[in-house]
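Chain letters run A, B, ... following the sequence lines, proteins first, then strands; residues in each count from 1.
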Amino acid sequence: MTDYISTLNEPQRQAVLHGDGPLIIIAGAGSGKTRVLTYRISHLIEKGVDPFRILSLTFTNKAAGEMRHRIESVVGTEARNIWMGTFHSVFAKILRIEAKALGFTSNFSIYDTDDSKSLLRSIIKEFGLDDKIYRANVVFSRISGAKNRLVGPADYLANPLIQTDDAAARMPEIGRIYKAYTMRCFQANAMDFDDLLFNTNVLFRDHLDILNKYQHKFKHVLVDEFQDTNVSQYLITRKLSAVNQNICVVGDDAQSIYAFRGANIENILNFEKDFPDVRTIKLEQNYRSTKTIVNAANSIIARNRAQLRKSVFTDNEDGTLIEVIKAASDNEEGRLIATSLFEAKMQDGLHNTDFAILYRTNAQSRAFEEALRRLNIKYRIIGGLSFYQRKEIKDLLAYLRFTVNQSDEEAFKRIINLPKRGIGDTTVAKIAVVASENQVPIWEVVSNVNKYVAGRAGIAIEAFADLIKSYQLLLDKKDAYDVAAHVAKTSGILKELYDDKTVEGLSRYENVQALLNSIKEFVDNPDNDDKSLSAFLQVVSLLTSADEKDDDGDNDKVTLMTIHGAKGLEFRNVYIVGLEEDLFPSQMMLESRADLEEERRLFYVAITRAEKKLTVSYADSRYHYGRLKVCEPSRFLMEIDPAFLKVAKTRKAEREESQELKRDTPAGGSMSFVRSLAQKTAKQQAPQPTVAHTPSSDFAPSDTSKLAEGMRVEHLKFGFGLVQKIDQNGNDRKAIIKFETAGEKTLLLSFAKLKIV
DNA sequence: GTGATTCACTTTTTT
DNA sequence: AGTGAATCAC
C-alpha cells in the first residue's frame, strides 16, 4: 500500500510523511517535487483524510489535471474529489457559490484581458482623456498591479505614494479610472482575472461566517509553485489555513519567473514569519539532468545576487557538452535546429516527444515551424494565440455570455451588431444615453425598446432583444450544448462563416464546430455535475492555450513553446533558441537590475528542462516587426562557464577553422566561442587589404555597384543580405543590406542598421 | 450605417 | 507583419 515511499530519498520521504502543521518544501529543479506532492496527498488520503477536505492549488489547469491523474493511480477514484485546480478556477467556483454575499449573481461573467482593456478604453474615452497618454495597456497593468497587492480603488486614490507616482507618469486620473472600472464591472456582473482573487479576499474579509466555513472545510491546503504566487493569492491561502495550520507550500526561489505579474518571492520569507513553527525541507538532489546541465544551470543562477537557499547537485552521469549553434538569420537558425534535431533523432533512435524547442517570445516560433515542416517532423505549438482568443470563438462565447448575463457590457458590445443587423455606433450610443438618463440597465432599454425610443432604430433592436429572449427561455430546460448549438445556428454567425468560402472562413467555421464539440464533451463528462451553460462559461473563461489538447491522434510531436510555458516540464533534448541580446534577456528587462535577475532565472528554468542534451542557438539577424535587424549574441551565452560548451560551426566556419588550425597551435580548444569569435575572424581577415574607399563609415552607401573587398556576405531571404567585415580597428562589423538583381549583376543598394559586435 | 482605406502600434512572459 | 482603430467616401 505504501511501498511507493521506499522509492524516495530522505528529505523527500520526510516531506511526504510530515504530519500536521505548516511545511515549506524548497525544491530545486528536477528534485522530484511533483512526486513528493502527489505522494503526500495520496498519503493523507490513505491516512483517512477526506479528499473533499483537501485543497490543492496549482499554477495551471494542466498541472492540476496531471496531479489528479497521478494521485488517482495511487489511491483510486477518490482522487476525483480533491479540490484541485488553479487559484483562479478554485476561487471562481467558490465565488460562484457565494456570489450573493458580494452583490454579484452566480452567473457572473469573467472578463478576459481583452474585455478589460476594451472597457478601459471606453472609460478613458468617456472621461475625455487622451488615449495616447492613457494607454489601455498601461492603465490595465497599473490597476492589475494594485489589485494583486489588494489595493482597492478607494485605497488607491487615498495613497499619496501611488498618486505622486501616477502624476509623475502624467496619468493622475488612473485612480478615477480604476474606480469607474470597478463600478462598471460590478454593474456588468463581471469579474476580471484579478478580481477572482481580489474579491475572494474581500469575501473572506467581510464575511467571517463564510471564511469560517471554508477554514473548517479544508483540513489541508497545499500550494505548488509557491514562488509564483502574489500577495493576493498568499493571503487567501493563509486565511484558509489559519484554523487547521495544515499548509504545505512547495517552491523554488530560483525558478520565480512571474514577478512581472505580481508574484512575490517575499512570500517565502513572510511564510516563515506568519507560521513560526514551520518546518522547512530542502530537496536538493536533481534526478533529471546530467552533471553538465546541472552545473551549467548553477553557474548561471550563481550570478544572481538574490540569496541562494540551496545547492542543487546530481549523481547522474556527466553527459555531453552544451552545443552552441550560430546562424546567420532566424530562418537559418530554424534550419540548423531542425537538421540537428533530425540527426539526433536518427543517431540516438529518439522520438519527437524527446525534443523541445524553447524560445523567449511566441513570435519566434515561425522559423522553426517552417523548417520542421520541410523535414516532415511533426510538432506541436503550445501557447501563442489561444483557440479561445480567436474572433469567431469569442463571438459565439459573447452570445452565450450575454444570454446568461444580460448585464455583460463587453459581450453586448461585441454581438449587438454581429452579424450586421443595422445597429451602428450611433444607435448603440443612443441606447446608452437613454439608459443612463433613466437610470436603468442597458438591457432594460433594449428589451423594452418601444417604451424608450421611437422610430426605425427600434425595429432592429427589438429583433435582437427577441432573439436573446428566446435563448434565455432555453437556459433552464436545456444543457449547455443544446443552447450553444441553437445559438450558433440561429444567431447567424455560423451561417456567415459557412457562406465564407475562403480558406480562413472555412477554418473559422471549423473552429466554431470545434467549440461546440468541446461543449458537448463538457456536457458528456460525468465528472461535471452542473451541465448548465453558465457552468460551462465559468470553466471556459479560465482555459488557456496550454490547456488545449491536439486531437489528430498523433502524439509523437516535437514541442515548441515559450520558456514560461515549459515550467514544470522536462525533455530529453532541449533547444534554447534566439539567445540574442535584447531578445533574451528581453530589452524591456534590461532597465532594472532586479528584472535582469528574473530573466536569468528564466534562463535557469530553460536549461534545467533538459535531461540529456542541451543545445543553445542564436542568429546574427532576424525579422522584427517585419524588418530585418542585426543581432548580437546574448550576454547569457557568455555567462555559461565555457568549460561546458561545445561549439558547432557552420560549414563555412569549420573550413576556415581547419585552415587556421594548420597554422595555429590549438590554444583554447573550444573555449568561449563567443568571446573569441571576433578576434579569430579578425586574425583571418586582417592580412587581406582593407577597403580604403569608405573611410568614414564602413558601410556607407557607395556608388560602387559591387560589394567591396573584404566583405563577407550571407544571402538571406527576399533580397536581403548580411554583410560582415573587419574595420581598420579590427572590429567585426555587420550590416543588413538589400540586393536588387539587375541583369546578372548584384547591386548594393542600401544599408539598414549598423552595429559593432 | 457600411465598407474601404489609411494609420499607428505592437512585441515578454499567462491566469 | 499583422492587427485594430480612425477616417473617409458612398
So [X], base contact, sugar-phosphate only, or nothing? Heavy-atom distance under 4.0 Å.
X: A:F87; answer: nothing
X: A:D194; answer: nothing
X: A:N417; answer: sugar-phosphate
X: A:T113; answer: base
X: A:N137; answer: sugar-phosphate

Upstream residue (5' side of DNA chain B) when A:G565 and A:Y625 are each assigned their closest nucleotide: A:Y625
Boundaries of the chain A footprint along DNA chain C (any atom under 4.0 Å from a heavy atom): C:dA1 to C:dA6
Side chain to side chain contact (heavy atoms under 4.5 Å, CB included) partners of A:N362, counting only residues at least two apart: A:Y359, A:T562
Just the rounded figure in Å: distance from [atom2] of [N] to [atom1] of [X].
X: A:K629; N: B:dT10; atom1: NZ; atom2: C1'; value: 14 Å
X: A:N199; N: B:dT15; atom1: CG; atom2: C1'; value: 15 Å
X: A:D224; N: B:dT15; atom1: CG; atom2: C1'; value: 15 Å
X: A:L583; N: B:dT13; atom1: CG; atom2: P; value: 11 Å
X: A:E597; N: B:dT13; atom1: CD; atom2: P; value: 22 Å
X: A:M561; N: B:dT14; atom1: CE; atom2: P; value: 11 Å
X: A:E599; N: B:dT13; atom1: CD; atom2: C1'; value: 8 Å
X: A:I257; N: B:dT15; atom1: CD1; atom2: C1'; value: 14 Å

Looking at [X], I'd like to know whether one of its side-chain N or O atoms comes within less than 4.0 Å of OP1 or OP2 on [N].
X: A:N362; N: B:dT14; value: yes
X: A:T562; N: B:dT14; value: yes
X: A:S89; N: B:dT15; value: no
X: A:T361; N: B:dT11; value: no

Nearest listed nucleotide, side chain of A:R135, among B:dT14, B:dT10, B:dT15: B:dT10
Which nucleotide in B:dT11, B:dT15, B:dT14 has an atom nearest any side-chain atom of A:Y258: B:dT14
Euclidean distance for C1', B:dT13 against C:dG4 (whole angstrom): 22 Å
Any N/O pairs under 3.5 Å between the protein and nucleotides 3-6 of chain B? List them or say none.
| from | atom 1 | to | atom 2 | distance (Å) |
| --- | --- | --- | --- | --- |
| B:dG3 | OP2 | A:K420 | NZ | 3.1 |

Pairs where residues 561-571 of chain A contributes a residue and the test salt bridge (Lys or Arg N to Asp or Glu O under 4.0 Å) is met, not counting sequence neighbours: A:E225-A:K567, A:D228-A:K567, A:R288-A:E570
Sub-6.0 Å ring centroid separation between A:F186 and A:F104: yes
With sequence neighbours excluded, residues passing salt bridge (charged side-chain N to carboxylate O under 4.0 Å, His left out) with A:K117: none
Any residue meeting salt bridge (charged side-chain N to carboxylate O under 4.0 Å, His left out) with A:K391, in chain and number order, not counting sequence neighbours: A:D395
The single option from A:N201, A:N148, A:D194 passing side-chain hydrogen bond (donor to acceptor under 3.5 Å, both in side chains) against A:S232: A:N201
Distance-only side-chain donor-acceptor flag, A:T361 / A:Q364, under 3.5 Å: yes
Stepwise ring-ring contact (aromatic ring centres under 6.0 Å, His included) check, A:Y258 with A:F59: CA-CA 11 Å; A:Y258 282 99; A:F59 202 69; 4.9 Å; yes
Cationic N near anionic O, under 4.0 Å, A:E410 to A:R401: no
Salt-bridge criterion met for A:R366 and A:E370 (N-O under 4.0 Å): yes
Sidechain-backbone polar pair: A:R609 side chain, A:Y604 backbone, donor-acceptor under 3.5 Å: no
